Each structure stands twice: as C-alpha cells, then as structure tokens.
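This report refers to the structure that appears directly beneath it.
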Amino acid sequence: EVQLVESGGGLVQAGGSLRLSCAASGFTFDDYAIGWFRQAPRKEREGVSCITNSDGSTHYADSVKGRFTISSDNARNTVFLQMNSLKPEDTAVYYCAATFPACEVVEGDPDYGMDYWGKGTLVTVSS
C-alpha cells in the first residue's frame, strides 16, 4: 500500500523555523516527484514546493521562495521541507504528495496532477 506520512508540524512564532518530513513507502521513491502543498481553513489548497527525485530539481511558489528549502534523502525515502522566517500567513495544514515521474504543473487539476497524498500536518505561526 502506498503511504505518505507527514510529520514536524506544530506551533511556532513568526520569524521562527520548522522542518517538515514526508516519509514515503509502497512505491519506487527514486522514480517519483514529491510535492508539498498547504491548505488554510476556508481557503483553497496551494502548491508550495516540489522536488523531482530522479535529478534533484526543485520548484518553489513565489510566496515561499527564499524562505523554504525542499530536499530529498533517497536512501530513507524521505523528503524534507525546511521552513525559515515563518509568517502568520504560512499557517495551514501541509500535505506531501507524489507523482510520476517529475514535478509538473497541471492546470485545472485541483490535485495538481499528484497521484498519492498524505494526511497532512498542521503548522501554526503566531504573531
């Protein structure tokens, strides 16, 4: 069974940092891309970052560029999202998701073309 399990969420003050983890199993991790998404209450889900595991290429939303860093540990089948300089507007449930074979923008798809999704981890940034 395919599983994506997020961890590392919590409460942090503005300007602080958190490191999220996404542990994957049930598929060939090296062949997939892993993306991070977030959804705040009563708001639409948005893409945050994505990494293509085969070549290590990365992508970031403009809102987090320069503050967040995505990385992958292929030996552990785990993707990380290092979040620095957090802002209250970063507050959301953060999800990781996987797609084959690379990060790709899929216009008009609420799931951003992703095949598998985790259950999410809550990040709350206070002012």
Side-chain angles (χ1 to χ4, degrees):
E1 180 183 356
V2 171
Q3 286 195 70
L4 295 168
V5 181
E6 304 93 338
S7 62
L11 175 64
V12 64
Q13 291 185 322
S17 298
L18 284 174
R19 189 194 194 198
L20 305 183
S21 299
C22 174
S25 61
F27 61 95
T28 306
F29 184 79
D30 294 353
D31 293 341
Y32 279 72
I34 306 295
W36 284 99
F37 303 82
R38 65 187 183 186
Q39 187 168 23
R42 299 174 299 280
K43 294 184 179 180
E44 294 183 356
R45 184 165 56 194
E46 61 178 338
V48 176
S49 185
C50 189
I51 183 167
T52 298
N53 286 336
S54 61
D55 63 10
S57 60
T58 59
H59 309 267
Y60 298 93
D62 289 342
S63 59
V64 306
K65 195 171 186 177
R67 299 188 297 122
F68 292 9
T69 302
I70 191 169
S71 62
S72 182
D73 185 343
N74 289 353
R76 296 174 57 196
N77 288 4
T78 302
V79 168
F80 304 97
L81 184 68
Q82 179 66 46
M83 306 186 296
N84 299 326
S85 301
L86 283 163
K87 305 174 181 179
E89 48 263 46
D90 294 319
T91 296
V93 175
Y94 283 71
Y95 302 88
C96 66
T99 188
F100 178 85
C103 298
E104 181 182 10
V105 176
V106 182
E107 296 183 8
D109 185 354
D111 290 334
Y112 294 83
M114 294 295 181
D115 302 313
Y116 310 112
W117 288 82
K119 294 182 178 180
T121 184
L122 177 62
V123 172
T124 303
V125 184
S126 65
S127 59

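Computed from a predicted structure; not experimentally measured. Hydrogens, waters and symmetry mates play no part in the numbers below; they use all other heavy atoms, side chains included.
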Backbone N/O of Gly113 and side chain of Thr99: donor-acceptor pair under 3.5 Å: yes
CD/Glu104 to OH/Tyr112 distance, rounded to the nearest 0.5 angstrom? 14.5 Å
Which heavy atom in Cys50 sits nearest to a heavy atom in Ala33, and how many Å separate them? SG-CB, 4.2 Å
Ile70 CD1 to Ile51 CD1 distance, which is reported to the nearest 0.5 Å: 5.5 Å
Any ion pair linking Arg38 and Glu46 (charged N to carboxylate O, less than 4.0 Å)? yes
Test item: Ser17 and Gln82 side chains (from C-beta on) under 4.5 Å apart, heavy atoms: yes
Where do Ser21 and Thr78 come nearest, in terms of heavy atoms and distance? CB-CG2, 4.3 Å
Is it the case that the side chain of Ser54 and the backbone of Asp31 share a donor-acceptor pair, with hydrogens and angles ignored and the cut-off at 3.5 Å? no
Check whether more than 12 heavy atoms from other residues, nucleotides or ligands sit under 6.0 Å from atom CD of Glu89, and answer yes or no. yes
Which of parallel (below 30°), tilted (30 to 60°) and perpendicular (above 60°) describes Trp117 and Phe37? tilted
Yes or no on side-chain contact (heavy atoms from CB on, under 4.5 Å) for Ser72 and Asn53, after CA distance, side-chain angles and deciding distance? CA-CA 7 Å; Ser72 182; Asn53 286 336; 2.9 Å; yes
Expected output: side-chain Asp90 to main-chain Lys87 donor-acceptor under 3.5 Å: yes
Is there a side-chain contact between Ser49 and Leu81 in this structure, where contact means two heavy atoms from C-beta onward sitting under 4.5 Å apart? yes
Rounded to the nearest 0.5 angstrom, the OG1-CG distance for Thr28 and Asn74 is 11.5 Å
Report the C-alpha separation of Phe80 and Leu20 in whole Å, then their side-chain angles, then the decisive distance to 0.1 Å, and conclude whether the side-chain contact (heavy atoms from CB on, under 4.5 Å) test is met. CA-CA 6 Å; Phe80 304 97; Leu20 305 183; over 6 Å; no
Between OG on residue Ser126 and CD on residue Gln13, distance to nearest 0.5 Å: 5.0 Å
The test is side-chain contact (heavy atoms from CB on, under 4.5 Å); show your working for Val48 and Phe68 and say whether it passes. CA-CA 9 Å; Val48 176; Phe68 292 9; 3.7 Å; yes
Is a side-chain N or O of Glu6 found less than 3.5 angstrom from the main chain of Gly120, in a donor-acceptor match? yes
For Ala75, is there any backbone N or O sitting under 3.5 Å from a side-chain donor or acceptor partner on Asp73? yes
Derivation of the ring-ring contact (aromatic ring centres under 6.0 Å, His included) call for Tyr32 and Phe27: CA-CA 9 Å; Tyr32 279 72; Phe27 61 95; 4.7 Å; yes
Ala14 to Pro88 - nearest heavy-atom pair and separation: CB-CD, 4.1 Å
Do you know the tightest heavy-atom contact between Pro110 and Gly108? CD-O, 3.5 Å
Quick one: does Cys103's side chain get under 4.5 Å of Met114's, heavy atoms only? no
Closest non-hydrogen atom pair, Asp111 against Arg45: OD1-NH2, 2.6 Å
Leu122 versus Tyr94: any side-chain heavy-atom pair under 4.5 Å? no
If you measure from CG on Leu86 to OG1 on Thr124, what distance do you get to the nearest 0.5 Å? 11.0 Å
If you round to the nearest 0.5 Å, how far is CG of Asn84 from CZ of Arg19? 11.0 Å
For Leu4 and Ala24 the tightest heavy-atom approach is CD2-CB, 3.5 Å
Side-chain heavy atoms nearer than 4.5 Å, only ILVMFWY residues, links allowed to pass through others: does that put Phe100 and Val106 together? no
Side-chain donor/acceptor of Gln39 to backbone N/O of Ala92, under 3.5 Å: no
Begin from the C-alpha positions of Thr121 and Val93 and carry the test side-chain contact (heavy atoms from CB on, under 4.5 Å) through to its verdict. CA-CA 5 Å; Thr121 184; Val93 175; over 6 Å; no
Side chain proximity check, Trp36 to Cys22, heavy atoms < 4.5 angstrom: yes
Are Phe29 and Val79 close enough that some pair of their side-chain heavy atoms sits under 4.5 Å apart? yes
